[in-house]
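Notes for the one structure printed next.
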Amino acid sequence: MDNLEPRLRSIVERRMSILGPGYSLIYRNPVEFVEGRGAHLFDREGNDFLDAYNNVACVGHSHPHVVEAITSQIKKLNTNNRYVQESLVDYAERLVATFPEELSRVTFGCSGSEANDLAIRVAKFYTRNQGIIVTRNAYHGITSEVASFSPGLGPTSPIGPNVVLIEAPDPRVAAAEGLSIDEYMRKEIKRGISELARHGFGLAAFVADSLFTSDGIFADPTSYLKPMIEEVHAAGGLYIADEVQSGFGRCGDAMWGFQRHGIIPDIVTLGKPMGNGLPLSGTVFRPEVAYEFGQNCRYFNTFAASQLPIAAGAAVLDVISSENLLENAIVQGNALRKGLHEIVKNSPHVSDIRGVGLYTGVEIVADRDSGSPDKLRTEKFIDELRERRILIRSCGGDGNVLKIRPPLVFNSSDVTRFLETFSDIAKELL
């Protein structure tokens, strides 16, 4: 907080003295925003920050259509879904229609954590097993259950005894072992299943973010999930596709990340972007997986599918379709990665640029020969971007991958501004 003006410093100090444990602020010098439009956020002085980080406002901050939908609805009614609600049924039908026909039931929640919590409850009930497999740095949520299989929360957050960690799908690691990525990931999932069995657990579910974002963003190739799911099903488990990060058109070439792999999950979980900032999430099931749970276990969420978040969710689907945001994700994402490759082509500190659609990772290393992660240089780069009013964060087990994940309305002017600023900082740090 080196350069904070007195008023902002006072707010930060008050925040630290009143909020509970676990809260943190982004960036060395935190920033306060009072307004947002599209992919831009504005502070009290009217300074324009380019948001290349927030996937929550997936169709842009304060999108007029979303604002109108929720404003109109809150003037009328917002109550729980145990009353007949046509807008809820309409939205559920629209949402489920974007999935393969095998996935035909949806339950709503308020957060991705709730969606994943319900998904695991159903998986355990259906399989009568307790074991869970996730990748080594995965993040799936913050409830007690979901935190137990979210190693991305950090080394001091305990992992459950029924949870096994496997490696992320990094083709370079597979090649170093003389294996294709398909062979490597099949080996990893089989290892996870065997390890669970050694500890007395059958497999309930393999849970994976379809872009493996917390592990460092591994979008390609798209062949390895199929053999992994074959092993999961052979062991009696389910595959849960966590689409909180990769869903709602972020990949550009598909509405849902798992579709890029040519597979159909047993359960799909949705979150953050679903209501463009209003609390709304979803758990989508194969009906046979959820049937017995529904017959035997009561599940109700007061706020999850009330009229207000449903209005927001419907408006998000409207905008994704009417503004061709999947196509935009492809065009702008490709332009962004092309520009980044050109900027860093001679840098000894960038080992890889990877991603798809409007999700890109830039891996920072001490030097290309060693490939040693350089977290400090990564953090400096992020803070320098923030000082020049561009917002991103990091990901990966070593915190050395620049995470570029803008709203889906990111346009060509935004890409140009990002690349010009990135280039200026790269001359100093890369």
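Remember, predicted model here, so these are calculated numbers, not experimental data.
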Side-chain touch Pro406/Asp51, heavy atoms, less than 4.5 angstrom:
no

Is the cationic atom of Arg405 (NZ for Lys, CZ for Arg) positioned less than 6.0 Å from the six-membered ring centroid of Tyr53 and within 45 degrees of its normal?
yes

Contact between Ile382 and Leu385 at the side-chain level, heavy atoms closer than 4.5 Å - yes or no?
no

Do the side chains of Glu231 and Phe206 get nearer than 4.5 Å, heavy atoms only?
no

In sequence, state the C-alpha distance, the side-chain angles, and the governing distance for Val134 and His140, and then conclude on side chain to side chain contact (heavy atoms under 4.5 Å, CB included).
CA-CA 9 Å; Val134 294; His140 296 290; 4.0 Å; yes

Test item: Phe149 and Ile159 side chains (from C-beta on) under 4.5 Å apart, heavy atoms
no

In terms of side-chain heavy atoms, does Asp367 have a donor or acceptor partner in His349 at a distance below 3.5 Å?
no

Out of the candidates Val289, Ile267, Val268, only one should pair with Leu103 under the side-chain contact (heavy atoms from CB on, under 4.5 Å) rule; please name it.
Val268

How about Trp256 and Ser210: does a side-chain donor come under 3.5 Å of a side-chain acceptor?
no

Decide, yes or no, whether a salt bridge links Arg37 with Glu35 under the criterion of side-chain N to carboxylate O below 4.0 Å.
yes

Using a strict threshold of under 4.0 Å (side-chain N to carboxylate O), is an ion pair present between Lys124 and Glu145?
yes

Shortest non-hydrogen contact between Ala39 and Val409, atoms and distance
N-CG2, 4.1 Å

Smallest separation among heavy atoms of Arg250 and Ala329, with atom names
O-CB, 3.9 Å

Does the side chain of Leu203 come within less than 4.5 Å of Ile133's, by heavy atoms?
yes

I'd like to know if the side chain of Glu177 reaches the main chain of Ala174, judged simply by a donor and an acceptor atom lying under 3.5 Å from each other, with no hydrogens or angles considered.
no

Determine the interplanar angle of the Phe422 and Phe381 rings, folded into 0 to 90°, and report it as parallel if under 30°, tilted if 30 to 60°, perpendicular if over 60°.
tilted

Closest approach of Ser394 to Thr378 (non-hydrogen atoms, all atoms of both residues)
CB-CG2, 4.2 Å

Going by an N to O cut-off under 4.0 Å, is there a salt bridge joining Arg105 and Glu288?
no

Output, in order, the C-alpha distance, side-chain angles, deciding distance and verdict of salt bridge (Lys or Arg N to Asp or Glu O under 4.0 Å) for Arg260 and Asp253.
CA-CA 7 Å; Arg260 304 179 63 246; Asp253 54 0; 3.1 Å; yes

Which is it for Ile217 and Thr360 under the side chain to side chain contact (heavy atoms under 4.5 Å, CB included) test, yes or no, and what are the steps along the way?
CA-CA 7 Å; Ile217 308 172; Thr360 298; over 6 Å; no

Step by step, would you call Asp398 with Lys375 a salt bridge (Lys or Arg N to Asp or Glu O under 4.0 Å)?
CA-CA 7 Å; Asp398 296 298; Lys375 183 178 181 179; over 6 Å; no

Would you find more than 12 non-hydrogen atoms of other residues, nucleotides or ligands less than 6.0 Å from Glu327 atom CD?
no

What class does the angle between the rings of Phe42 and His40 fall in, given that below 30° is parallel, 30 to 60° is tilted and above 60° is perpendicular?
parallel

Are the aromatic rings of Phe293 and Tyr299 close, with centres under 6.0 Å apart?
no

I'd like to know if Glu420 pairs up with Arg417 as an ion pair, taking the criterion as any Lys NZ or Arg NE/NH1/NH2 lying under 4.0 Å from an Asp or Glu carboxylate oxygen.
no

Rounded to the nearest 0.5 Å, what separates atom CD1 in Ile142 from atom OG in Ser111?
6.5 Å

d(Thr135 OG1, Asp215 CG) to nearest 0.5 Å is 3.5 Å

Salt-bridge contact Glu379-Arg28 (side-chain N to carboxylate O under 4.0 Å)
no

Could you check whether the rings of Phe410 and Phe418 sit parallel, tilted or perpendicular, using 30° and 60° as the cut-offs?
perpendicular

Is any side-chain N of the basic residue among Glu102 and Arg286 closer than 4.0 Å to the acidic one's carboxylate O?
no

Could you go through Met274 and Val316, starting from their C-alpha distance and side-chain angles, then the distance that decides it, and tell me whether this counts as side chain to side chain contact (heavy atoms under 4.5 Å, CB included)?
CA-CA 7 Å; Met274 199 168 181; Val316 166; over 6 Å; no

Interatomic distance, CD1@Ile343 vs NZ@Lys338, rounded to 0.5 Å, equals 12.5 Å

Between Tyr224 and His261, ring centroids under 6.0 Å
yes

Residue list, salt bridge (charged side-chain N to carboxylate O under 4.0 Å, His left out) with Arg388, at least two apart or on another chain:
Glu384, Glu428

Within 6.0 Å of NZ in Lys187, more than 12 heavy atoms from elsewhere
yes

Met255 and Leu326: which non-hydrogen atoms are nearest, and at how many Å?
N-CD2, 3.8 Å

Test Ser214 against Asn137 for side chain to side chain donor-acceptor pair (under 3.5 Å), laying out the working first.
CA-CA 6 Å; Ser214 295; Asn137 295 290; over 6 Å; no

Whether Phe258 and Phe99 hold their rings parallel, tilted or perpendicular, with breakpoints at 30° and 60°
parallel

Does NZ or CZ of Arg354 lie under 6.0 Å from the centre of the six-membered ring of Phe218, at an angle within 45° of the ring axis?
yes

Can you give me the closest heavy-atom contact between Val350 and Arg368, atom names plus distance?
O-NE, 2.8 Å

Where Asp242 and Asn116 come nearest, the two heavy atoms and their spacing
OD2-ND2, 3.0 Å

Worked check of salt bridge (Lys or Arg N to Asp or Glu O under 4.0 Å) between Arg44 and Glu5
CA-CA 12 Å; Arg44 285 185 178 273; Glu5 49 92 9; over 6 Å; no

Can you tell me if OH on Tyr27 sees more than 12 non-hydrogen neighbours from other groups inside 6.0 Å?
yes

Can you tell me if NE2 on His199 sees more than 12 non-hydrogen neighbours from other groups inside 6.0 Å?
no

Residue pair Asn276, Val56: steps toward the side chain to side chain contact (heavy atoms under 4.5 Å, CB included) verdict
CA-CA 6 Å; Asn276 211 54; Val56 177; over 6 Å; no

Ile18 atom CD1, neighbour heavy-atom count above 12 within 6.0 Å:
no

Can you check side chain to side chain donor-acceptor pair (under 3.5 Å) on Glu114 and Asn301, steps first, answer last?
CA-CA 10 Å; Glu114 287 184 353; Asn301 191 315; 2.8 Å; yes

